[in-house]
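Read the structure below first, then the notes.
Just so it is clear, the model here is predicted, and its values are computed rather than measured.
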Amino acid sequence: MSFPLLTATAAVPAVGAILTAAVPAARRTAAKWLALLVSLATLVLAGIVFARFEPGGDRYQLVESHAWIKDFGVRYELGVDGIGVALIALTALLIPFIVLAGWHDADPLETSSKRWRPTQGFFALILMVEAMVILSFEATDVFLFYILFEAMLIPMYFLIGGFGDRAHSGSDENAAAQRSYAAVKFLLYNLVGGLIMLAAVIGLYVVAGNFSLTEIAEARANGSLEMATNTERWLFLGFFFAFAVKAPLWPLHTWLPNAMGEATAPVAVLITAVVDKVGTFAMLRFCLGLFPEASKWATPVIVALALVSIVYGALLAVGQRDIKRLVAYASISHFGFIIMGIFAMTSQGQSGATLYMVNHGISTAALMLVAGFLISRRGSRLIADYGGVQKVAPVLAGTFLIGGLATLSLPGLAPFVSEFLVLVGTFARYPVAGIIATTGIVLAALYVLVLYQRTMTGPVKEEVRELPDLRPRELAVVVPLIAVLIFLGVFPKPLTDVVNPAVQHTMSDVQQKDPQPEVEAAK
């Protein structure tokens with residue numbers, strides 16, 4: 001039997017989480033180094049998966065399949081397509097930087113025994129989330145995916161509620177209450193979505209007789225499985241609702257600003273750059289793959305909701321006074337672009353949406369982690385508490401600017417390519433939606449540049465006069481992320497070569513072809 005590479009890619013961080021949690025309490029530094037080494041080992045395995053994947057080969061590769069719950073037809077079934085490979089690479093790439101950025105975020109505070117932080121638990125939870133997310137990108141059994149989709153909520157709940165941001169303007173009690181509120185809201189929203197999805201999963205089993213994504217697709221292709229129109233639409237809505245909560249799509253988005261605002265900066269990155277991608281990924285793999293006719297039926301409404309997310313998220317980002325909540329609302333706008341690209345039902349739109357998932361993860365990580373370094377120095381998340389930072393910490397200000405320019409999709413940086421493809425793909429089928437979506441670009445320039453102007457330029461405020469510049473550990477976090485943004489901005493081919501064949505399979509699932517441009521006949 002060949003080596004189970006996909007299982008190993010998820011098993012390494014899972015085992016690493018257990019070992020990290022078992023490190024003695026007095027050996028906090030050893031726990032940190034162990035978590036970092038485990039995350040690097042996972043990155044190596046993800047690199048091997050990426051290298052072994054053949055874009056022109058079978059749709060699902062490196063397949064593993066074993067019986068799990070025979071009586072209900074549940075299998076431990078894994079396989080990756082180009083979209084899954086790209087997102088596994090993103091996850092494995094970001095976790096080492098998240099670990100490095102949060103190096104001191106869970107250290108116990110000597111001034112308050114009530115706020116002692118179990119360092120080992122913090123890093124163990126991060127590794128456990130990584131394992132579940134990677135496995136969810138690999139799962140081709142619907143029930144296995146559902147278990148992972150729900151299980152990742154548990155470590156995320158404790159990361160948000162138990163390890164909140166120390167830069168809080170209120171008392172310790174108020175800060176704890178805000179963290180608890182954000183964690184519970186995150187959990188409740190996603191649990192409700194998951195419960196509705198569970199009903200749809202059971203319904204799918206009743207109709208199809210199994211949970212295998214590949215077997216259901218084959219049965220539909222050869223005509224041995226037919227779903228009634230109303231049945232397919234109800235099942236689609238059950239799956240889509242859960243994925244829209246996770247994504248997050250307006251109006252199911254309200255948990256995200258609270259969660260990102262109260263979490264530490266590395267955990268905020270984990271939420272929006274890693275965990276939330278499971279929702280948009282699942283829309284491509286499960287909604288379009290299992291329910292093609294219902295997906296086309298729901299497309300006009302979903303595109304409209306995506307447009308609301310784009311404009312609404314950007315408008316609220318413009319008016320924010322809190323740096324982290326600004327990034328959160330900007331992410332809601334960006335997820336609107338991703339979902340619009342998916343349901344534009346064009347190859348450019350879906351390729352752009354997949355690239356957007358990757359590029360948004362990297363650009364948001366760069367911006368949020370630098371913002372976290374800034375906030376940890378000043379002890380405040382409020383924009384008004386800063387000014388003139390570029391004069392006292394020019395490297396920090398410079399990297400903050402590059403992260404912000406990537407967020408507004410400046411040409412030459414990675415997000416530009418994906419946003420351009422999404423808009424082109426949308427305009428080809430829904431020109432009005434494409435035009436309206438461009439307002440998100442204008443608003444992105446406004447909130448990013450205003451944020452930079454108010455925090456980094458102008459007179460130096462007394463409270464920031466002694467701020468130190470980025471330290472070597474912090475540079476080790478930020479510089480590689482910026483390098484990747486530039487590389488993929490000028491040479492996205494390594495990703496597009498992997499993603500495009502998978503997108504063609506998805507387009508085939510929904511029986512859609514790209515609209516042909518109208519050309520006037522020559523006189």
Just jot down the side chain to side chain donor-acceptor pair (under 3.5 Å) partners of K246, sequence neighbours excluded, or say none. none
Whether the side chain of S295 engages the backbone of C287 through a donor-acceptor N/O pair (distance < 3.5 Å, no angle test) should be reported. yes
If only atom types and distance count, is the side chain of D141 paired as donor or acceptor with the main-chain N or O of R75 below 3.5 Å? yes
For the aromatic rings, using the six-membered ring if either is Trp, is the centroid distance between Y76 and W68 under 6.0 Å? no
Would I95 and L270 count as a side chain to side chain contact (heavy atoms under 4.5 Å, CB included) here? Give the steps. CA-CA 8 Å; I95 296 300; L270 190 64; 3.6 Å; yes
Candidates V99, V370, L100 - the one meeting side chain to side chain contact (heavy atoms under 4.5 Å, CB included) with V477: L100
Taking T438 for the side chain and I435 for the main chain, is one N or O donor matched with an acceptor at less than 3.5 Å? yes
Separation between CE of M152 and CG of N190, rounded to the nearest 0.5 Å: 10.0 Å
For F149, is there any backbone N or O sitting under 3.5 Å from a side-chain donor or acceptor partner on S136? no
Residue pair A433 / L307: nearest heavy atoms and the distance that separates them: O-CD2, 3.4 Å
F72 and F143: CA distance, side-chain angles, deciding distance, ring-ring contact (aromatic ring centres under 6.0 Å, His included) verdict: CA-CA 10 Å; F72 296 99; F143 190 81; 8.3 Å; no
Quick one, L87 with V274, criterion side chain to side chain contact (heavy atoms under 4.5 Å, CB included). Give me CA distance, side-chain angles, the key distance, then yes/no. CA-CA 8 Å; L87 293 174; V274 177; over 6 Å; no
Let's go through F335 and H360 carefully: what are the C-alpha distance in whole Å and the side-chain angles of both, what is the deciding distance for ring-ring contact (aromatic ring centres under 6.0 Å, His included) to 0.1 Å, and is it a yes or a no? CA-CA 9 Å; F335 274 103; H360 168 263; 5.2 Å; yes
T272 side chain vs V269 backbone, donor-acceptor pair below 3.5 Å: no
Could you pull out all residues at least two apart from E138 that satisfy side chain to side chain donor-acceptor pair (under 3.5 Å)? none
Enclosure of F53 CZ (heavy-atom neighbours >12, cutoff 6.0 Å): yes
Enumerate the residue pairs fulfilling salt bridge (Lys or Arg N to Asp or Glu O under 4.0 Å) with a member in residues 328-346, sequence neighbours excluded, ordered by first and then second residue. none
Value rounded to 0.5 Å, distance of CG in L256 from CG in D276: 5.5 Å
Check the pair F97 / L93 against side chain to side chain contact (heavy atoms under 4.5 Å, CB included), numbers first and verdict last. CA-CA 8 Å; F97 299 120; L93 174 68; 3.9 Å; yes
Working note: E64 + T7, criterion side chain to side chain donor-acceptor pair (under 3.5 Å); need CA distance, chi angles, decisive distance, verdict. CA-CA 8 Å; E64 302 172 29; T7 296; 2.4 Å; yes
Evaluate side chain to side chain contact (heavy atoms under 4.5 Å, CB included) for E293 paired with T229, printing each intermediate quantity in order. CA-CA 8 Å; E293 293 303 319; T229 299; over 6 Å; no
Heavy atoms of G238 and A200 approach each other most closely as CA-CB, 3.9 Å
Checking ring pair (Phe, Tyr, Trp, His ring centres under 6.0 Å) against F211, which of Y205, Y146, F286 comes through? Y205
Non-neighbouring partners of D81 that pass salt bridge (charged side-chain N to carboxylate O under 4.0 Å, His left out), sequence neighbours left out: R285
Does the T9 side chain pair with the main chain of L5, one donor and one acceptor, at a distance under 3.5 Å? yes
What residues, two or more places apart in sequence or in another chain, satisfy side chain to side chain donor-acceptor pair (under 3.5 Å) together with Y189? T254
Donor-acceptor pair, distance only, cut-off 3.5 Å: does the side chain of T364 make one with the backbone of G361? no
If you round to the nearest 0.5 Å, how far is CG of L43 from CG of L94? 10.0 Å
Rounded to the nearest 0.5 angstrom, the CD1-CG distance for I310 and L443 is 11.0 Å
Any donor and acceptor pair, going by atom type alone, linking the side chain of S508 with main-chain N or O of Q504 inside 3.5 Å? no
Under the side-chain contact (heavy atoms from CB on, under 4.5 Å) rule, collect the residues that match up with L195, sequence neighbours excluded. none
Give a yes or no on this: more than 12 heavy atoms of other residues, nucleotides or ligands lie within 6.0 Å of atom CH2 of W234. no
Under 3.5 Å, is there a donor-acceptor pair between the side chain of N210 and the main chain of S212? yes
Test side chain to side chain contact (heavy atoms under 4.5 Å, CB included) applied to L410 and L405, I402, V448, the passing residue: L405
Is the side chain of Q61 donor-acceptor paired with the backbone N or O of D58 at a distance under 3.5 Å, no angle test? yes
Just one of F240, Y430, F337 clears the ring pair (Phe, Tyr, Trp, His ring centres under 6.0 Å) bar with F343, so which one? F240
Using 30° and 60° as the class limits, which term best fits the ring planes of F291 and F236: parallel, tilted or perpendicular? perpendicular
Anything under 30° is parallel, anything over 60° is perpendicular, the rest tilted; go ahead and classify Y312 against Y329. perpendicular
